[in-house]
Structures are given as C-alpha cells and as structure tokens.
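Structure first, commentary second.
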Amino acid sequence: MTTQLKEVDVVIVGLGWTGGILSKELTEAGLKVVALERGAPRSSENDYSLPNIRDELRYVVRHDLMQNTARDTITVRNNPRQEALPMRRLGSFLPGEVVGGSGVHWSGHTWRWTDMEFKVRSNYEERYGKQFIPDDMTIQDWGITCAELEPYYDKFEYTAAVSGKAGNIGGQILSGGNPFEASRARDYPLPPLTPILASEMFNGAARNAGYHPFPRPSANASQPYTNPDGSKFGGCQYCGYCQRFGCEANAKGSPHMTVIPIAMRNPNFELRTHSWVTKVLKDSDGKRVTGVSYTNVLNGEEFEQPATIVLLCAYAINNVHLMLLSGIGAPYDPVAQKGVIGKNYCYQTGAAATLFFEGKYFNPFMNAGGSNTTIDDFNTNWAFDRAPHDFVGGYNVSGGFNTPLPIGYRPVPSGTPQWGSEWKRATAKWYQTAMVINASGSVMANRFNCYDLDPTYRNAFGQPLMRMTFDYQNNEHKMGRHAAEVINDIAKSMNPTRLNPASARTDPWTVVPYQSTHNTGGTIMGTNPRDSALNKYLQSWDCHNLFVVGANVFPHNSSYNPTGPVGALAYWTADAIKNRYVKNPGPLVQA
Amino acid sequence: MIDAIRTTAAAALLMTLLLAGAARADGDAARGEARFQDCAACHRLEAGANNVGPSLHGIFSRKAGELADFRYSPAIKRSGITWTPETLDKFITDPQAVVPANRMPYAGMVDASDRADLIEYLSKASR
C-alpha cells in the first residue's frame, strides 16, 4: 500500500552538504522543497556536545554516523574476472548517514580543483601527445572551467569557514600560500590554523628541499566567525576529535549548523528523516522524472512523492545506485565501452612514512582536522614534467596529523611485534615521538573501473546491490613509487631516530583498512551525452528535470579532497536552476 | 603525590587569578560585543534559547547549573558558583582550571581587558 503525496516543486534525496545548499538556495528562491534523508536527525546541541562525542568506540569502531551495511552495502571486486562479494563492514571509505551526511564527520580539507583536472585530456594531449595517455585510460574534459567556478568556490569557502592562506590573488603570487593554485578573487575568510610541531618541522624540511609548503586550507575556523548567512562558528579548540566526529565547538564547517538550519526556518521547506528513497519515477516516455518512491525505515510505510524537479544529493555511490535502479540513462558496458551510468569510478591512492624522533613531543592528541603543511609541487604544478616518470595526474604531500585517534593511533617502528609486552613497551615509548608524512594521489579513470548492479546480492529492500569493480592501474603504481621516493627523501633529511619509510600501494585494492572517503564518478558530467551522464549544470542528458549533485559527477579523481568542488558545484547548480531552469524548463545545454 | 599535584595546581591557579586581578569595572560594551563572538556559536542571549551551551539570559544572579532544561555537567552543578562579574571573570580566564571536568569546549580568554569588555556587554545584553 503506497501513499500518494501532494506534488511539490522540488524533492531532494539526501541532506548533506549538497542537499543542504540546494535546500537553502531553492527555498529562498520561493520553491517548495521536500528533503528526504534516510538517516536520523542530529544536532550539535543534542548529539555532538561534550562529553558524549569523544567516544572512539561509538563513532570510530561502531560507525555511529555512517551507513549501516546490514541494510545496504556494495559488492566489490578488483576486475571483471572475479566474483564480487558484499562489503559487510565499512572500512576503506565511510559514507555518512545522518542529517548533515558526511559533512558532519569530514575533516574540513577544502581545495579548489583547477583546469589541470577540468581539461585533463586536452592538457596532456597538447603537451605530451595522444600516445602519452594509455588506451584504457578513459579520462575526458569536464566541460567546465575553474574561472566559471571561482565565485562558487568563494561562496562555499565563506559559508564553511575555511582557514588558509591564499597563494594567488588575481594572478599575483603571494608568499606563504600555494603558489600553484589557480587565481582567486580574494583570500580565505579566516587566517590559517595555528601550526603544530609536526607541520612546522615538515615546513622547514620541505622548504630546504626547494619545495613550496603552505598551510592546508581547512573548514576548521581558526577563530570565531559569522558566515555571510549569519551562521555562528566557535574557534577550533584543537581537541583532536575531528574526522569521524561531529564538532563539539561548532568550529568545523558542517551543513547541520549552516545551510540546513536556515532552510529549516523557511516555511517552504520540509525535512523527512528516516526516509529511504528506493526509486526515481519516470513518465511514460522516459523524458522526464515525476518524483520518487520512498520507505519510512522506522515502520515500513511506502510513499510516492511527486515533484516537478528531482535532485539526487545522496552519497556519491548511492546517487549512482539510484540511477541504475531507476533505469535512467544507459548503463555503462566496459567491454563495448558504451553507455554512461556507472562509468569512470575512481578512488585515490597514496603513500605514507612515519618518522620517530627520540626526545620530541608531538602531542598527537591535540590538533585540528587540517593541522597539516602541504606541498603541491607534484600536483597542480604543471611545470613538473611527468614525461620522465610516465604517469598522468599528481599527488600532494603533507606533514602533520589528521585525527590520530587517542586509542587507535599507535605508531611503532617497523619490526615491533604486533601485540604483547614488547608492543606495549614500544607504544609507550614512541607514541609522543612520531609524526607522519603522507601523500594523497589522484586516480585516473580506467575503462574497467566502474559500477553496475550486482547479479546476486540484494539489500534490505530486495533491490540489487551496487557492484564496484576497481583496482589501481600501472599509472597509479608509477605515481605511488615517485611519491614514496619524494617522501622518503624529505623524511631522511629530517634525521629521525627511526623511520618507517613510505612505499607505493601496488597490491590489489581492498576494502580494509580505511583509506579515503573520496569515491568519485559513475554519473559523470561532460560536454555531450555520448560519453557523460550529465551536462555541465549536473542536469541529466536524459531527463531535464533531474539533477545529480556530488562527487559522482567527477570524470576522474585528483589528489585533492573533493568537498571544495562538490560544494561549489552545488551552488553553481542552484544558480542554474533558480535563474534559468525554473523560468524556462528544458535542457540547459543542447545535446 | 596526588595531593601534592592538587596543591601545586591550586597554587598555580591562585597565582593566575591574582595576576589576572579582580574583574575590572571599566569594560567597554561595544568592544565586548565583538568579544562575544567567542561565545556566540554555542550561547544565545534570549531566554530559554539553549544551544550547545545554555542560554545566557539573566546569567548574573543565577547559580551555575540552575536551568532545568539544560543538560549540565556534574562538575558545573557541583561547583557552587553564583554568577557575578567577578566569578564569571575568573571562570572564563581558564574554565578547566576553575571547574575541572566542565563540558564547555573553550580554552579561555587570557586578556583581562577583553574579559572586562565582554562582562560589561553581557551585563547589559543578558538582561
């Protein structure tokens, strides 16, 4: 028995950063918006305040803010020759499932992706020739430019309270910032976070090696701040519980304390939590969507919510899953290389070294989500010649900490037994003396890295699970080896007492341990419907009243964290809908 | 040993408070409004408007931990503090030193004139 509800202007599936931004912007434009969030309502005052939030068992081990794999998960394999098996416990990545989504438990790292990504194929072909890009590397230009996104990056940074130091304002390179970043109109809203010992030591070593270190831009307010919408931020207290936790001090830019409460105060907005969308509905000729079907997960009641516009704003993997379950767009076939939904799934790679300095006290329990110094010399620096190293893409290198958990972070020199009295002695001796140098690397699209519906396994609603086929390719192995060498050179120059050196990730990818919640692609944006699912406004080429927002629109993955362009593209899409689409509904780009 | 640490900590605290001096009466409310940005992410001034922190409406003359509809830490409830310009001045200098194990995630406002400005602002705005 399905209850038919009254039609609204807009239904939004998922209420994290993108759903929150679009809810606020579109209700302010006068549209009636209903947001459907499958997780629970959560707030800073009731859920993230002290002392309850500092609970590593609840939030890290038991994944209190994350998707429940007993209800829905994905199946995973490295290549089409393998049989995919369900991921029964979260590990490699952690999709959020509460009001605020993954924007509650992120660290805050906020980057501006540049034309090096948006014009990736053109750039490499122009400089190195067509032959430089392997045949199975399905990278393509995005159909958007950094200049178009600049005002939207700015808007997101000012909304989320990003602390940082500009490196390029209006073409003028500024010392102390990232000299390789694209030109920006103005500085970050807040000055950089207070550096910690590990980031300062890395800063000195990187500078000595001739690199260009700068403080990592991060949505951890370095001082109290009121954003342009009037949302109040406290100053970061460097409590050490950032990634995987909600912020106890309202200092981490998160949708649940910025855009969502503003939408909630607007009478045009309605939020329904515990509402699990199972399908996007289409009209008879498949040219338009008509709304969504959803289930109240508390009591099993089913509803149909008709809407003039449908926005998919769920976690990147779940947006793609809904497109496949709803039969919108042609599913991607990696053998024939036809179809688009599921195409170009990408992840990230990396390498890390742990340095031990007898006599130093790094206080790893005390830092912000973005307490790192970073170098971009092997990333957005186009002067770095990739030809001798034979890889496409890049990586950034950081020194510092990113939520070293009080219980879970146990650095010991390699060779230490993994348990027992010897391990206990070593962890007590070395805990305070360790720091990490870490590289985060891009992953280029490959024709066989993709999503489709699993033929065997089903979720709690009886629907096929999403199947992920992914592995690192030669390109990433080569880049990983280069990154490990750079890290180890910097590390050795710092003369640590002991060093666990960095090495490239060349083993097949697995779902454990945690690596990065930066899953991209599957419903990619592009210049034409033959090789992309969405146009540059994230509008479906197939159904013009359907927009799909999130990192699932990225045609490949860079070394940067995705939230900067995810937030910017949400504002960009909001403008396209309220300024153009509602006045003249139809394709915003002619196919 | 623990008593010795406690004694040392208490002595250090006393020194801090002596050096900080008594609450100054010459605060500037306009400057204090800017200082209130340190508090505003968690505390509101309207009656009953509890957020991450309790409403500060009518704080002066209230006992610490008194609002029925806010979940205080046991430490604040036990503290026996009655909020006056003087006790608030001491508390916000170093909240964890004055009331150990309280739940306010705030490291403290070290500058005495900043505190005087804030308290002057609060004494008007919390009414």
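No experiment lies behind these values; they were computed from the predicted model shown.
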Checklist entry - Under the salt bridge (charged side-chain N to carboxylate O under 4.0 Å, His left out) rule, what pairs show up with a residue in residues 188-202 of chain A, not counting sequence neighbours? => result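 The answer is none; no pair qualifies.
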Checklist entry - Can you list every pair that meets salt bridge (charged side-chain N to carboxylate O under 4.0 Å, His left out) and has a residue in residues 223-238 of chain A, with sequence neighbours left out? => result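 Pairs touching residues 223-238 of chain A that pass the test: A/K24-A/D229.
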Next on the checklist: So which residue, A/P51, A/G235, A/A251, ends up with the most heavy-atom pairs under 4.5 Å with chain B?
Outcome noted: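 Sorted descending by pairs with chain B, the first entry is A/P51.
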Next on the checklist: So which residue, A/M257, A/Q223, A/E45, ends up with the most heavy-atom pairs under 4.5 Å with chain B?
Outcome noted: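 With the most close heavy-atom pairs to chain B, the winner is A/E45.
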Can a donor-acceptor pair be found, under 3.5 Å and without considering hydrogens, that links the side chain of [X] to the backbone of [Y]?
{"X": "A/S222", "Y": "A/L193", "answer": "no"}
{"X": "A/D187", "Y": "A/A166", "answer": "yes"}
{"X": "A/N363", "Y": "A/M366", "answer": "no"}

Checklist entry - When heavy-atom pairs shorter than 4.5 Å are enumerated against chain A, which of B/S73, B/A101, B/P105 gives the highest number? => result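 Heavy-atom pair counts peak at B/P105.
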Next on the checklist: According to side chain to side chain donor-acceptor pair (under 3.5 Å), does anything in residues 53-65 of chain A pair up with another residue at least two apart or in another chain? List the pairs.
Outcome noted: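 Every side chain to side chain donor-acceptor pair (under 3.5 Å) pair that includes a residue of residues 53-65 of chain A, provided the two are not neighbours, is A/R42-A/D64, A/R54-A/E248, A/R58-A/D64.
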Next on the checklist: Report which part of B/Y106 has an atom under 4.5 Å of a heavy atom belonging to chain A: side chain, backbone, both, or neither.
Outcome noted: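 Both parts, heavy atoms under 4.5 Å.
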Checklist entry - For chain A, which residues of residues 31-66 of chain B have at least one non-hydrogen atom nearer than 4.5 Å to it? => result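 From residues 31-66 of chain B, the residues near chain A are B/Q37, B/D38, B/A40, B/A41, B/C42, B/N51, B/V52.
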Next on the checklist: Taking side chain as everything from C-beta outward and backbone as N, CA, C, O, which of these in A/N52 sits under 4.5 Å from a heavy atom of chain B? Side chain, backbone, both or neither.
Outcome noted: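 Contact with chain B involves the side chain of A/N52 alone.
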Next on the checklist: Return the SG to CG distance between A/C242 and A/N367, rounded to the nearest 0.5 Å.
Outcome noted: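 That separation rounds to 8.5 Å.
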Item to check | Short N-O contact, B/E120 and B/K124, less than 4.0 angstrom | outcome: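 Yes, charged N to carboxylate O under 4.0 Å.
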